[in-house]
Amino acid sequence: MATALITHAECLEHVTPNGHPERVARLEHVLHALEGLDLRRETAPLVDPAHLAYVHPQAHVDAIVAAQPAEGFHQLDADTWISPGSVNAAFRAAGAVVKAVDLVLDDEVGNAFCAIRPPGHHAETSTPMGFCLFGNAAIGAKHALEAHGLSRVAVVDFDVHHGNGTQDLLWNEARALTITSQQMPLWPGTGDPSERGAHDNVLNVPLAPRSGGAEMRAAYEAQVFPRLRAFKPELIILSAGFDAHQDDPLAELQWSTEDFRWLTRQLCALAADLCEGRIVSTLEGGYDLSALAESARAHVEELMEAAS
Ligand SMILES: [Zn+2]
């Protein structure tokens, strides 16, 4: 089957101030790197409000919409800005993940990659945070549970920063296993292994600053893969951040592009064993443009290889 690539030009209309790391050029570079690949290209819809409501109260959505400026920028917190195109971009980002879940669970495609921004894994229930407005990955997980009737969905977040938002949104959801690896210590400061969810449904995997691919592979083999095998997910959602790359300016892990390729291949193999290969991957961080583009390309190539 095919691998779907889901994106929308409006995701380029979420603009941040000059010098901000989460910038339009990130998605442009990712899309350029994926040109020429034999992907099933799909347009991201605006998210259905009922799907945002899986994880966010209406007051949160209303606050984001109300904060969007008619021109220029509005600053939501120290790191998080919105511009006149941001709400639609964020609605497309969440809509992309919902569509990806539908395509994969309806067996229209083997797996899917959502090339979207703003990212989502730092957005908490009622708090935009860390460049993120809505919890894209968590919304996808809830959609698989609520609309498709799945019993077990796993989210694996390999962004270098802790997926505090996804952890928050799925903390009480016993049907979802959230696994997040992160450099520790690092912003946002959460992600200690003692944070385990209301139903022992969260696994935090800290990685030491300056550690590299060998340490990552060992941690995933010792902790992440066995936990996934024990949980037996029916769908795996990936929060695919590429900021653990050695060239990334925001963190200090030393992964290579080949480490992202290896990790994707392992997760695809696990998905093949556990859930007919069903993977939905959504873009999170990654702030060195070349490393991001190269790593995303390797990631998608492995998804395609697994789906073929
Ligand atoms: Zn990150």
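Position 1 is the first residue of the sequence; numbering continues from there. First listed ligand is number 1; within each ligand, the first listed atom is number 1. For clarity, every value in this text was computed on a predicted model and none was experimentally measured. Atom set for the values below is all heavy atoms of this structure, side chains included, hydrogens, waters and symmetry mates excluded.
Crowding of H32 atom NE2: a count of heavy atoms from other residues, nucleotides or ligands under 6.0 Å not exceeding 12. Under a cut-off of 6.0 angstrom, the local environment of CD in E28 is crowded, with over 12 non-hydrogen atoms contributed by other residues, nucleotides or ligands.
For the Zn ion (ligand 1), the nearest N, O or S atom contributed by D159 is named OD1. Between the Zn ion (ligand 1) and the N, O or S atoms of H161, the shortest distance is to ND1. When distances from the Zn ion (ligand 1) to the N, O or S atoms of D243 are compared, OD2 comes out shortest.
Backbone or side-chain N, O or S atoms of H122 do not reach the Zn ion (ligand 1) at under 2.8 Å. With a cut-off of 2.8 Å, the Zn ion (ligand 1) has no N, O or S atom of E284 in range.
Using a 3.5 Å distance cut-off with no hydrogens or angles, the side chains of H245 and D288 do not pair a donor with an acceptor.
Every side-chain hydrogen bond (donor to acceptor under 3.5 Å, both in side chains) that H122 has, sequence neighbours left out, goes to N164.
Under the ring-ring contact (aromatic ring centres under 6.0 Å, His included) criterion, the residue pairs touching residues 275-308 are F113-H299, F131-Y287, F158-H299, F242-H299, with sequence neighbours excluded.
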